[in-house]
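Notes follow once the structure below has been shown.
Every number for a ligand or one of its atoms is a count from 1 in the order of the listing. Keep in mind the model is a prediction, meaning the values are calculated, not measured. Start at 1 with the first residue, then count along the sequence.
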Amino acid sequence: MSRSAHPAGPRHADVLPEGHYTAPAADLNVLDEKVWSRTVRRNEDGVATVAGIEVTRLAEEFGTPAYILDETDFRARCRAWSGAFGTDADVFYAGKAFLSRAVVRWLAEEGLNLDVCSGGELATALAAGMPAERIAFHGNNKSLGEIERAVSAGVGRIVLDSFQEIVRVAHVAQRLGTRQRVQIRVTVGVEAHTHEFIATAHEDQKFGIALADGQAAEAVRRALTLDGLELTGIHSHIGSQIFDMAGFEVSARRVVQLLAQVRDEHGVELPEIDLGGGLGIAYTSEDDPREPHDIAKALSDIVTRECESAGLRTPRISVEPGRAIVGPTAFTLYEVGTIKPLEGLRTYVSVDGGMSDNIRTALYDAEYSVALVSRRSDAEPMLTRVVGKHCESGDIVVRDAFLPADLAPGDLIAVPATGAYCRSMASNYNHALRPPVVAVKDGGARVIVRRETEEDLLRLDVGE
Ligand code: LLP
């Protein structure tokens, strides 16, 4: 993000404070299609609409804050991903980004598979009727109970993450009289260019089994000897919110090298390779994500090329996009509460949510965009920080953004690209009630995850 000067407004000194902001858009009323879900527009009255519904109506009917999820966009992205990879590859939606029964049904209808990483996600997937064979089960510390549940449900694949787990899953499968299809997750030693906490394939972290010191080859050796397991392939996930394909190329190359080593040692050609998720989306107009068909082509070209040079049959590829499917399809609708101009600094705009519905800014220093959506304004741009209502100064939703200077309490503002890792990482901090997820489609809106109530909070509090 570049930092740039902005023509001084009445509320600001000539020199703008430190920040990661770019110059304000020429017209703050424009809702950049890069960051807003596909059916978002501004109508002739200046009110933003989604799926043809005015946001003012959504706020009236469902309250704020609320996540508004554009079902048409979600389904279109599912189709774009599965279409891009065609019939030679499988797309697994990563449920950790956002999961609900409605979403599982959409995925099932659109022909996608599902990656789950906990008993809770597995339960949601099964409750919504996702066929078990289309589910992959992940996690670096699956409990015995979770493993038993996954194996007895008949999940299509368990991704093994440690030596202990190789043995545990084999035992459970044998005890249940079955043979579980598994992949082994390896760490390929790639430093993905993303935030440290969401990069996962460098060696000094908790996921997977390292390729570099021969551990991954040893894991394959063990898995091949156990009757309860059918080892089908190798898995690698290098991180999240990545734009640069170079990390995926290195990862694919190293995984194919392992496949060649396995063929040489054991005479077995493993038929699958999973390259994980991690593809970036646009949070601001500065971000330029690649299209699914570009990504699919780049990945399958590299796998094909590497396999040819190693004399291997090309394995079936799978990928696990989470953010790239659901991220752009939702925005969070907030009502403006208090407004505090700080002379020479910026104006603090408080909304009725905060770090309990979007922890990403506080946790990863994530950048977001924001717009006034309940009306049009031609007032000059004002540098703001959009903050929540929590008892913490790090409770920031949008660190640096321009909003019109006539912003007033009661206005609705919306933060786009909050479909991924916002509701799924939401908390009850300060006993906040987690917002609902409202799905909109063709002029209709319905709650798919309801707003929490104080009764919900008190129901868990069973002490005297
Ligand atoms: N596959 C595996 C094995 C994963 O661990 C993840 C994400 C994905 C797929 C999906 O990655 P995606 O396509 O959504 O980037 N809470 C962080 C992101 C954590 C990602 C964890 N694993 C955030 O808010 O940025």
Between L122 and R149 the two heavy atoms that sit nearest each other are CD2-CG, 3.7 Å

Closest non-hydrogen atoms of A417 and Y283, given as atom of the first, atom of the second and distance, are O-CE2, 3.2 Å

Do any side-chain atoms of residues 246-256 form donor-acceptor pairs under 3.5 angstrom with protein atoms, and if so which ones, sequence neighbours left out?
{"unit_1": "S251", "atom_1": "OG", "unit_2": "S236", "atom_2": "OG", "d": "2.9"}
{"unit_1": "R253", "atom_1": "NE", "unit_2": "E306", "atom_2": "OE2", "d": "3.3"}
{"unit_1": "R254", "atom_1": "NH1", "unit_2": "V188", "atom_2": "O", "d": "2.6"}

Below a 4.0 angstrom heavy-atom separation, can you tell me which part of [X], side chain or backbone, both or neither, approaches ligand 1?
| X | value |
| --- | --- |
| Y364 | side chain |
| V159 | neither |
| R360 | side chain |

Which of R316, R313, R181 passes salt bridge (Lys or Arg N to Asp or Glu O under 4.0 Å) with E272? Answer is R181

Within the 4.0 Å heavy-atom shell around [X], which atoms of ligand 1 are there?
| X | answer |
| --- | --- |
| M425 | 16 (N), 24 (O) |
| G277 | 1 (N), 9 (C), 13 (O) |
| D115 | 1 (N), 9 (C) |
| R185 | 3 (C) |
| E320 | 1 (N), 2 (C), 3 (C), 8 (C), 9 (C), 10 (C), 13 (O) |
| A94 | 8 (C), 9 (C), 10 (C) |

- Under a heavy-atom criterion of less than 4.0 Å, does G278 contact ligand 1? yes

query = Do any heavy atoms of P321 fall under 4.0 Å from ligand 1?
reply = yes

Check for a donor-acceptor pair, side chain of [X] on one end and backbone N or O of [Y] on the other, with a separation under 3.5 Å.
| X | Y | value |
| --- | --- | --- |
| D73 | R38 | yes |
| R179 | D227 | yes |
| E218 | F163 | no |
| R385 | R399 | yes |

Polar contacts were defined as any N/O atom of the residue lying under 3.5 Å from an N/O atom of the ligand; does this apply to [X] and ligand 1?
| X | result |
| --- | --- |
| H138 | no |
| S240 | yes |
| G322 | yes |

Taking only Lys NZ, Arg NE, NH1 and NH2, and the carboxylate oxygens of Asp or Glu, determine whether E265 and R221 approach each other closer than 4.0 Å. yes

